[in-house]
Enquirer: 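One structure, as structure tokens, below. Some questions next.
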Amino acid sequence: MKKQGIWIALFALFLTASCEKPDFTEDEEREEKKEEVNNEDNFDAGGGSTSDGYLSVAEAIQVDDEETVIVKAYIVGATTRTMKYATYSPPFVYGKYELKAAILLGDTPATEDMEFYDDEVLPVCINEYKRYQNDLNLYDHPEYWNKQIIIMGKRKPYYNRPGLKSIMGYEILDDN
């Protein structure tokens, strides 16, 4: 009987020790950061490496994964699901697909029916945050085609190639 009481006490101790409240502060902090990025109205473009301080597409492709970069380039196309659907001139559809998941950046403007080599294009994931998808997709905003953009995000693999994800801000430049 005494042994059984000891086992019950040990079991009760185990249950109370293993039932601690989990610490969710890290998850909460991550959500707060996401919220800050999502609600950001102004973007200070800063600087980096090209003649005016930003990375080119060619330079951004060479950056290590998970590095935060600021790229200045032309919005030359759009795609969704895969690079197979990449389109480099209006209208930004591929069959039945509206190309709203990613914009494609290049160091030079596109021309009608122009194709780019894999190492000349940086796909940018814009569907992580609805705000960026609504504001930047070329299907709804074909006027952004061949516009210069300064965009900040994390250099991560996207569509099986170097890409840009976790957008933190952007600025579409005037033609001047």
Enquirer: What is the minimum heavy-atom distance between Pro157 and Lys165, and which atoms define it?
Expert: O-CD, 3.7 Å

Enquirer: Angle class for the Phe116/Tyr88 ring planes (parallel below 30°, perpendicular above 60°, tilted otherwise)?
Expert: tilted

Enquirer: Minimum heavy-atom separation for Ala60 and Val71, please, with both atom names.
Expert: CB-CG2, 3.7 Å

Enquirer: Using every non-hydrogen atom in the two residues, find where Tyr139 and Glu98 come nearest and quote the distance to one decimal.
Expert: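 Smallest heavy-atom distance, with atoms named: OH-OE2, 3.2 Å.
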
Enquirer: Could you tell me if the side chain of Leu99 sits less than 4.5 Å from the side chain of Tyr94, heavy atoms only?
Expert: yes

Enquirer: Any side-chain heavy atom of Ile75 sitting closer than 4.5 Å to one from Leu138?
Expert: yes

Enquirer: Does a side-chain heavy-atom distance below 4.5 Å link Tyr158 with Leu164?
Expert: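 No. Closest side-chain heavy atoms not under 4.5 Å.
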
Enquirer: Given Tyr170, which partner from the list Leu136, Ile150, Val124, Ile70 fulfils the side chain to side chain contact (heavy atoms under 4.5 Å, CB included) test?
Expert: Leu136

Enquirer: Looking only at heavy atoms, what is the nearest atom pair of Asp107 and Ser56, with distance?
Expert: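 Looking at all heavy atoms of both residues, the shortest contact is OD1-CB, 3.4 Å.
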
Enquirer: Answer whether the closest heavy-atom distance between the side chains of Ile149 and Leu105 falls below 4.5 Å.
Expert: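 Yes, their side chains come closer than 4.5 Å.
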
Enquirer: Are side-chain heavy atoms of Lys72 and Leu173 found at a separation under 4.5 Å?
Expert: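 When only atoms from C-beta onward are counted, Leu173 and Lys72 do touch, with a gap below 4.5 Å.
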
Enquirer: Do Val57 and Val121 pass the side-chain contact (heavy atoms from CB on, under 4.5 Å) test, and can you show the C-alpha distance, the side-chain angles, and the key distance before you say yes or no?
Expert: CA-CA 7 Å; Val57 167; Val121 174; 5.8 Å; no

Enquirer: Specify the closest pair of heavy atoms between Ile167 and Cys125, including all atoms of both residues, with the distance to one decimal.
Expert: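 Nearest heavy atoms, Ile167 then Cys125: CG1-O, 3.6 Å.
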
Enquirer: Does the side chain of Lys130 reach to within under 4.5 Å of the side chain of Gln133, using non-hydrogen atoms?
Expert: yes

Enquirer: Between Arg155 and Asp64, is there a salt bridge with N-O shorter than 4.0 Å?
Expert: no

Enquirer: Is the number of heavy atoms from other residues, nucleotides or ligands within 6.0 Å of CG (Asp65) greater than 12?
Expert: yes

Enquirer: In this structure, which one of Leu104, Thr87, Ile103 forms a side chain to side chain contact (heavy atoms under 4.5 Å, CB included) with Thr79?
Expert: Leu104

Enquirer: Can you name the closest pair of heavy atoms from Met83 and Pro123 and give their distance?
Expert: SD-CB, 4.3 Å

Enquirer: More than 12 heavy atoms of other residues, nucleotides or ligands under 6.0 Å from CZ of Arg81: yes or no?
Expert: no

Enquirer: Using only atom types and a distance under 3.5 Å, with no angle test, would you say the side chain of Gln148 pairs donor to acceptor with the backbone of Ala73?
Expert: no

Enquirer: Can you confirm whether Tyr74 sits close enough to Trp145 that some side-chain heavy atom of one is under 4.5 Å from a side-chain heavy atom of the other?
Expert: no

Enquirer: Parallel under 30°, tilted from 30 to 60°, perpendicular over 60°: which one fits the rings of Tyr132 and Tyr129?
Expert: perpendicular

Enquirer: Distance from Glu120 atom CD to Thr108 atom OG1, nearest 0.5 Å?
Expert: 7.0 Å

Enquirer: Can you tell me how far apart CZ (Phe92) and OH (Tyr144) are? Round to the nearest 0.5 Å.
Expert: 13.5 Å

Enquirer: Please name the residue in the list Val63, Val69, Thr68 that meets the side chain to side chain contact (heavy atoms under 4.5 Å, CB included) test with Lys154.
Expert: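 When side chain to side chain contact (heavy atoms under 4.5 Å, CB included) is applied between Lys154 and each of Val63, Val69, Thr68, only Thr68 qualifies.
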
